[in-house]
Peer 1: 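This structure is in structure tokens; I'll ask about it shortly.
Atoms considered below: every heavy atom in the structure, side chains included; atoms not considered: hydrogens, waters and symmetry mates. Letters go in sequence order (proteins before strands), and every chain restarts at 1.
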Amino acid sequence: MPELPEVETSRRGIEPYILNQQVIDVVVRQKKLRWPIPARLKSELIKQKILAVGRRGKYLLLETGIGTVLIHLGMSGSLRIVDKGTAPEKHDHIDIAFNNNKVLRLRDPRRFGSVLWTRKDPAQHKLLSQLGPEPLSDEFNADYLYQQSRSRKVAIKLFIMNSQVVVGVGNIYANEALFMAGINPKRQASRISYQRYQILVACIKEVLQLAIQQGGTSLQDFTQQDGKPGYFQQILKVYGKTNQPCLICHQPIRQLRQQQRSTFYCSQCQS
DNA sequence: ACTTCGACCTGTTGGC
DNA sequence: TGCCAACAGGTCGAAG
């Protein structure tokens, strides 16, 4: 579920309820996620105040005075705010309870997500230190991406989904950005001109920004049980549209597999 | 240094 | 209707 726009929407959704609040309890029902939830988390996090709710790529960062909670939602994770005493449901793996009677609750059926704890500068954490620039930052520009692409034979779609190249471009938005840029997802990264990288960078930024906007407007009710409307469905032009007519040229959208992930594109509009 | 592939999980869907 | 294979929005680390 979560790509960067959903993670950012989650960040904005939970922030008002937990910023400057003190942790009074941590309840772990299932510690086996992508990585085990550290045993130290509860004892060290308890009594700490959340000083910032940040994001790096698809990681959420809950910063305290002594360390940072790293949360990744994997493929199926979601966060919600519930009142203290609300009964957990299936796959509700961890609660972080605050002194304002609110509880931050992670649900993750597939358990590809993670909840970690670091006392260092989170940027130095193993999982964050190798990450590429944020897609919406100035650091992510055509000069950078073009430089990175020299001598890279991988298909452009896989290239932009590589988190060491740029963070936050998942399967949906990689497909959408390449459609918007008119670039064939199978094209080798090294065989794309600087000019086309200028377009691609702009399209990646636009597609992500638009999705964040959509999420922000339709997801004000973060405390509700069903925190995931299909808001991004409406802006998708190729993802999941196999055999449907291209919005530009009416050719059927094609589907193929790249690295075990589905790719959707228009063979006429994208070269 | 770069690329590919298996692995981790459960829930849903589509074809027979 | 039921069954089962295929697939789902991520990404790490080992193997090639």
Peer 1: Under 4.0 Å between a side-chain N or O of A:K153 and OP1 or OP2 of B:dA1?
Peer 2: no
Peer 1: Who is the Watson-Crick or G-U wobble partner of B:dA7, with both distances under 3.5 Å?
Peer 2: C:dT11
Peer 1: Would you say A:K32 places a side-chain N or O within less than 4.0 Å of OP1 or OP2 belonging to B:dC9?
Peer 2: no
Peer 1: Between C:dG10 and A:R261, is there an OP1 or OP2 to side-chain N/O distance shorter than 4.0 Å?
Peer 2: yes
Peer 1: Side chain of A:S163 only, heavy atoms from C-beta on: which candidate in C:dC7, C:dC12, B:dC2 is closest?
Peer 2: C:dC12
Peer 1: Quick one: CZ on A:R254 to OG1 on A:T263, what's the gap to the nearest 0.5 Å?
Peer 2: 13.0 Å
Peer 1: Take atom NE2 of A:H72 and atom C1' of B:dC8, then tell me their distance rounded to the nearest Å.
Peer 2: 14 Å
Peer 1: Atom CG of A:D108 and atom C1' of B:dG11: how far apart are they, to the nearest Å?
Peer 2: 12 Å
Peer 1: Output yes when A:R55 and A:E134 qualify as a salt bridge under the 4.0 Å nitrogen-oxygen rule, no when they do not.
Peer 2: yes
Peer 1: Can a donor-acceptor pair be found, under 3.5 Å and without considering hydrogens, that links the side chain of A:N162 to the backbone of A:F159?
Peer 2: no
Peer 1: Quick check on DNA chain B: between A:R110 and A:V154, whose nearest nucleotide comes earlier from the 5' end?
Peer 2: A:V154
Peer 1: Using the P atom as the reference point in each nucleotide, state the distance between C:dC3 and B:dC9 in Å, no decimals.
Peer 2: 26 Å
Peer 1: Ignoring backbone atoms, test whether A:Y239 places a side-chain nitrogen or oxygen under 4.0 Å from the OP1 or OP2 oxygen of C:dA8.
Peer 2: no
